[in-house]
There are 2 protein chains.
Amino acid sequence: MKKNLEIFSNSPTCPIRNVFDRFGDKWSVLVLMVLGTHGGLMRFGELKEVIDDITQKMLTVTLRTLEADGLVARKYYQEIPPRVEYQLTDLGKDLVPHIENLANWASKHVDQILRSRKRFEKKVASKD
Amino acid sequence: MKKNLEIFSNSPTCPIRNVFDRFGDKWSVLVLMVLGTHGGLMRFGELKEVIDDITQKMLTVTLRTLEADGLVARKYYQEIPPRVEYQLTDLGKDLVPHIENLANWASKHVDQILRSRKRFEKKVASKD
DNA sequence: CCGTATCCGAGACGATACTG
DNA sequence: CAGTATCGTCTCGGATACGG
């Protein structure tokens with residue numbers, strides 16, 4: 001692999017593989033952006049309400065993964081009924097704007113992309 | 001869903017779902033960045049050589065998807081042996097810098113994230 | 001050289017039921 | 001309220017073989 005492409009290396013610490021692979025799941029980016037947009041602490045149920053088509057299981061799994069990565073902090077209150085609050089860590093706060101950049105790009109160009117996909121479908125279909 | 005969070009909507013044209021879902025696969029980002037770093041036309045075999053751990057099948061699949069999205073242009077030469085060249089479209093060229101931003105962030109913080117994951121593993125293990 | 005076709009395993013995801 | 005546990009489905013991606 002050429003020098004200036006070493007960032008793409010297959011090493012276990014390859015940044016792209018380690019970081020982008022996480023964003024690849026269905027919910028992480030969404031959760032990060034919701035926490036970023038909201039600004040402060042959010043309870044589990046609050047997140048569940050905003051991202052209303054996520055299942056309880058997947059919200060839990062996603063939050064655990066983000067917590068493991070040090071992007072989200074979890075605070076558990078020993079009360080009945082239990083209360084759990086989530087917020088971005090400093091690392092998370094640092095990351096979110098970069099994700100938002102990409103999200104803004106996505107917003108701006110999603111129509112073009114969707115149109116391109118349609119055109120491509122037709123092109124492929126016409127060759128059958 | 002609150003007004004300022006409409007970007008997260010579950011609609012079929014939701015930018016985040018439509019665009020990030022694509023980057024979520026294992027190879028798209030890598031291929032885009034290789035094409036972006038290289039700058040010009042690249043042959044299939046050349047891409048395969050640079051991203052040396054991708055299978056032929058996945059490189060084909062990934063390039064087709066990027067082509068469908070209008071991010072990569074494919075030029076096929078009717079020769080024997082066949083020659084196929086790929087390059088970023090204008091849309092692709094517009095996108096790549098945004099991805100690179102995120103990649104740079106990833107490079108900078110991957111160590112911290114990996115350390116955080118290790119710590120989290122230990123924390124979980126100690127509770128069993 | 002640049003694909004396609006087929007098979008297979010792993011894991012992501014959702015639905016549902018249950019719990020402190 | 002905020003989780004776990006379990007199960008079934010489906011898609012991704014790798015291995016391999018073959019083709020124009």
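So you know, we letter chains A, B, ... as the sequences are listed, proteins then strands, and number each from 1.
Side-chain proximity of B/Trp27 to the nucleotides C/dG3, D/dG3, D/dG14 is greatest for D/dG14.
Between A/Pro82 and A/Asp25, the residue whose closest nucleotide on DNA chain C is further toward the 5' end is A/Asp25. The nearest heavy atom of DNA chain D to A/Arg74 and to B/Ile54 marks one nucleotide each, and the one closer to the 5' end goes with A/Arg74.
Note on A/Lys48: every side-chain N or O is 4.0 Å or more away from OP1 and OP2 of D/dG3. Phosphate contact (OP1/OP2 of C/dC1, side-chain N/O of B/Arg43, threshold under 4.0 Å): absent. For C/dG3, one of the phosphate oxygens OP1 or OP2 lies less than 4.0 angstrom from a side-chain nitrogen or oxygen of B/Tyr86. Phosphate contact (OP1/OP2 of D/dA2, side-chain N/O of A/Arg83, threshold under 4.0 Å): absent.
At distances below 3.5 Å, at least one donor-acceptor pair connects side-chain atoms of A/Thr65 with backbone N or O atoms of A/Val61. In this structure a side-chain-to-backbone donor-acceptor pair under 3.5 Å is present from B/Lys48 to B/Ile54. At distances below 3.5 Å, not a single donor-acceptor pair connects side-chain atoms of A/Asp94 with backbone N or O atoms of A/Asp90. Panel note: side chain A/Thr37, backbone A/Met33; a donor-acceptor pair is recorded below 3.5 Å.
Counting any heavy atom pair closer than 4.0 Å across all strands shown, A/Lys57 reaches a base atom. No contact: A/Tyr77 has no heavy atom under 4.0 Å from any strand. Nucleic acid contact for A/Gln56: base, since at least one base atom lies under 4.0 Å from a heavy atom of the residue.
Per the geometry, CE belonging to B/Met58 stands 14 Å off C1' belonging to C/dG3, to the nearest Å. Between the CG atom of B/Leu59 and the C1' atom of C/dC1 there is a distance of 13 Å, given to the nearest Å. Distance CG (A/Leu30) to C1' (C/dC13): 15 Å, rounded to an integer number of Å. Put simply, CD1 on B/Ile51 is 13 Å from P on D/dG13, counting in whole angstrom units. We find that CG of B/Asp21 is positioned 13 Å from P of D/dT11, with the value rounded to whole Å. In this structure, CD of A/Gln78 is placed 13 Å from C1' of D/dG3, rounded to the nearest angstrom. Taking atom CD on B/Glu79 and atom P on C/dG3, their separation rounds to 13 Å, with Å as the unit. As rounded to whole Å, 12 Å separates atom P of C/dG3 from atom CD of B/Glu85.
There is a side-chain donor-acceptor pair under 3.5 Å between B/Glu85 and B/Tyr77.
Hydrophobic clustering places A/Tyr76 together with A/Leu47 (ILVMFWY residues linked when any side-chain heavy atoms are closer than 4.5 Å, directly or through intermediates).
Side-chain contact check for A/Leu102 versus B/Phe23: some heavy-atom pair is nearer than 4.5 Å.
Taking five base pairs at each end of the helix from C/dC1-D/dG20 to C/dG20-D/dC1, the local helix axes there meet at an angle of 50°, rounded to 10°.
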Derivation and outcome, side-chain contact (heavy atoms from CB on, under 4.5 Å), residues A/Leu35 and A/Gln87: CA-CA 6 Å; A/Leu35 283 170; A/Gln87 62 181 322; 5.5 Å; no
